[in-house]
Amino acid sequence: MQESSTIKHSNSGRSRNFIEESIEEDIREGKNKGRVHTRFPPEPNGYLHIGHAKSICLNFGLGAKYKGLTNLRFDDTNPVKEELEYVDSIMEDVRWLGYDWGDRLYYASDYFEQLYEYAVILIKKGKAFVCDMQADEISATRGTPKRPGKESPYRNRSVAENLDLFERMRAGEFPDGARVLRARIDMASPNMHMRDPILYRIIHAAHHRTGDTWCIYPMYDFAHGQSDSIERITHSICTLEFEVHRPLYDWLIREIEIYAPRQIEFARLNLSYTVMSKRKLLKLVQEGHVNGWDDPRMPTISGLRRRGYTPDSIRNFAELIGVAKRDNVIDVSMLEFCIREDLNKRANRIMGVLNPLRVVIDNFPEGVVEEMEAVNNPEDPDAGTRRVPFSREILIEREDFMEDPPDKFFRLAPGREVRLRSAYIVRCESIEREPVTNIVTTIHCTYDPTTRSGMPNSNRKVKGTLHWVSAPHALESEIRLYNRLFRVPDPDDTEEGKSFKDYLNPDSLRVVTGYLEPAILTAKPGEKFQFERVGYFCVDKDSSGTNLVFNRVVPLKDSWTKAGG
Ligand code: ATP
Ligand code: MG
């Protein structure tokens, strides 16, 4: 019965992944009365990136697929690193991706009182104790995976003393780091996370939501599982590194005796030529290697949005890569494939020349302007047509001309013919050059007036078709050509003595002037176009009035070295 409703929701007809199998198994067994409730739990300490997008699509996707619910919960347990700016950007990004948490917006900080009570329960059961050791002492006595750790000398404090000290920690009697609350589990456990982990620490810092109410804050490991439990999350989808934390989460839930969500781990998304850790992304921003979190070279959702990625392309990407149980690296070209595929359907075409060469059509009358009709999007019949001015002097791409071309060069060369897209067939008659440098400055052509649309020879075939713009009508725009931010596939895998920053690509941004069809003038920030034969471009927010600025989303083909690259 559940099966038939799920199939309709699955957009690619693919087989079920292991997470869906687990959920369907729970539904079949009547666990949680068939209820499915997931959550996306970001820590508001940075902007979301494409890896988070994967998790968002997964969690909200599962909620929708099983007619369940999905919460947005900020895991805001560390007042030192968290900020309102991040909270706002995260909400904006989730919404932009197309997901809706309805009235289910939560904060772990809303549960501080409840979490405190849970800690008291553990203390009363003799399962937690206040430890006076310093953080470095605690880590020094944790042992190694092969060697057991050393028990804290404070481990056998009485319940009464622990309760008193924990209350005084809360009351602000002790400075930062003076004491912590630790679980009392097993210092010899082969799982390091079970070796009396820290549950609470003292931080005298204002929290962005609770202000100065608290000076003790729960560790992520103490807050996360319990928050899921409080919200009665049925399936806590986590990334793989939390698999080793699971025994601790289970232990806490069991000892506190509260509702137990089912945790399922999947491999985090890694992308080639990309770093994804928030800590590293923050460094790039703070040290000015990029221009902010939404720099179009960043793998952040805000960066991808500004670059010109669409929500659909990112959701399709998440679906295409699926979920894995083992860590792997996805080739960034997969993401580029998804945006090309999406923009091919939705972006209108225009002509734009990025590296201009002047062409004079000698037999075309001076001062005359003809209007050519051009199809906006061959993939979308509803997109209509537009008018493109044609005149005696046009610009073409310098790469589209060769003086001494090989046989297979089907573009312009002395004596050869090409079609100008949506216009005439022209033939190259002669070349003008700069006398000192010998650089070609102008090409002289003749046109065949019978070859435009509606004329008898409009269908005459020539091998090459070039894009062009009428020189007197061209709109000059700033074009930002992005390339990969890193020059190696795995910038995280650093050699000794090197940092990921040593692998930054010095050519990740090149700014050129583009000469565009005047039709572009009405374009608004965020609007996307295919510059024919060149690539996909998005109007940047830095545009103002007729000063348009474009970000290159991706070149047309999967090659970063060709024209304009
Ligand atoms: P980072 O390691 O970059 O700081 P994080 O995992 O600490 O990221 P959170 O805010 O805790 O950041 O992440 C929120 C959710 O997004 C978590 O459930 C986490 O599992 C998931 N997530 C984070 N990075 C990825 C990724 N690369 N692929 C898939 N899911 C991810
Ligand atoms: Mg995390």
Side-chain angles (χ1 to χ4, degrees), residues 17 19 38-63 70-78 80-83 85-91 93-94 97 99 101 106-109 208 218-225 227-228 231 233 235-246 249 261-286 293 298-304 314-315 317-330 332 334-335 490-492 500:
N17 64 47
I19 298 179
T38 57
R39 85 289 178 257
F40 173 63
E43 187 184 348
N45 61 353
Y47 279 65
L48 296 181
H49 53 58
I50 181 77
H52 294 115
K54 157 94 219 170
S55 176
I56 293 167
C57 294
L58 185 59
N59 279 295
F60 280 91
L62 290 168
T70 304
N71 296 356
L72 173 62
R73 179 179 71 242
F74 288 102
D75 265 333
D76 54 350
T77 53
N78 184 350
V80 184
K81 290 193 180 153
E82 295 159 6
E83 286 173 34
E85 176 196 348
Y86 298 137
V87 170
D88 293 340
S89 78
I90 289 170
M91 291 200 274
D93 288 348
V94 175
L97 278 174
Y99 297 107
W101 55 87
Y106 301 107
Y107 294 83
S109 55
H208 69 101
M219 298 297 289
Y220 182 83
D221 275 353
F222 188 66
H224 188 78
S227 300
D228 280 348
E231 293 174 16
I233 298 303
H235 298 87
S236 303
I237 316 295
C238 292
T239 41
L240 227 45
E241 68 272 22
F242 290 100
E243 194 171 7
V244 286
H245 297 242
R246 177 146 44 95
Y249 295 173
R262 175 174 182 183
Q263 176 170 313
I264 304 172
E265 301 90 5
F266 72 102
R268 62 169 48 226
L269 166 66
N270 300 301
L271 270 186
S272 61
Y273 295 94
T274 310
V275 297
M276 209 91 92
S277 128
K278 275 191 267 186
R279 188 179 54 79
K280 290 180 180 168
L281 296 177
L282 181 64
K283 267 219 167 91
L284 293 177
V285 173
Q286 284 177 337
W293 285 99
M298 290 281 272
T300 50
I301 297 179
S302 48
L304 291 167
I314 295 176
R315 288 201 306 264
F317 172 70
E319 178 72 20
L320 186 68
I321 59 178
V323 286
K325 281 189 196 181
R326 292 260 165 80
D327 274 319
N328 57 10
V329 180
I330 302 288
V332 70
M334 292 262 276
L335 182 62
D490 187 359
D492 282 321
F500 72 101

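All ligand and atom numbering here is 1-based and tracks the order in the structure. FYI, side chains are in, hydrogens and waters are out, and symmetry mates aren't considered; it's all heavy atoms of this structure.
A centroid separation of 6.0 Å or more is found between the aromatic rings of F60 and F40.
The two residues F500 and P491 make their nearest non-hydrogen contact at CB-O, 3.4 Å.
A salt bridge does not link K81 with E43: none of the charged nitrogens is closer than 4.0 Å to a carboxylate oxygen.
Considering backbone and side-chain atoms alike, E241 places every N or O at 3.5 Å or more from each N or O of ligand 1.
When non-hydrogen atoms are compared, ligand 1 lies under 4.0 Å from neither the backbone nor the side chain of F242. With a 4.0 Å heavy-atom cut-off, ligand 1 is reached by no atom of R279.
Below 30°, between 30° and 60°, or above 60°: for Y220 and H224 the angle between ring planes is below 30°, a parallel geometry.
Ranked by closest heavy atom to atom 2 (O) of ligand 1, the top entry among R268, K54, H224, M276 is R268. The residue from N45, L269, L58 that puts a heavy atom closest to atom 28 (N) of ligand 1 is L269. When the options K81, K278, E265 are ranked by their closest heavy atom to atom 12 (O) of ligand 1, first place goes to K278. Proximity annotation for atom 22 (N) of ligand 1: of H49, H52, R39, H52 comes nearest, heavy atoms only.
Note: L284 CG to R279 CZ = 11.0 Å, rounded to the nearest 0.5 Å.
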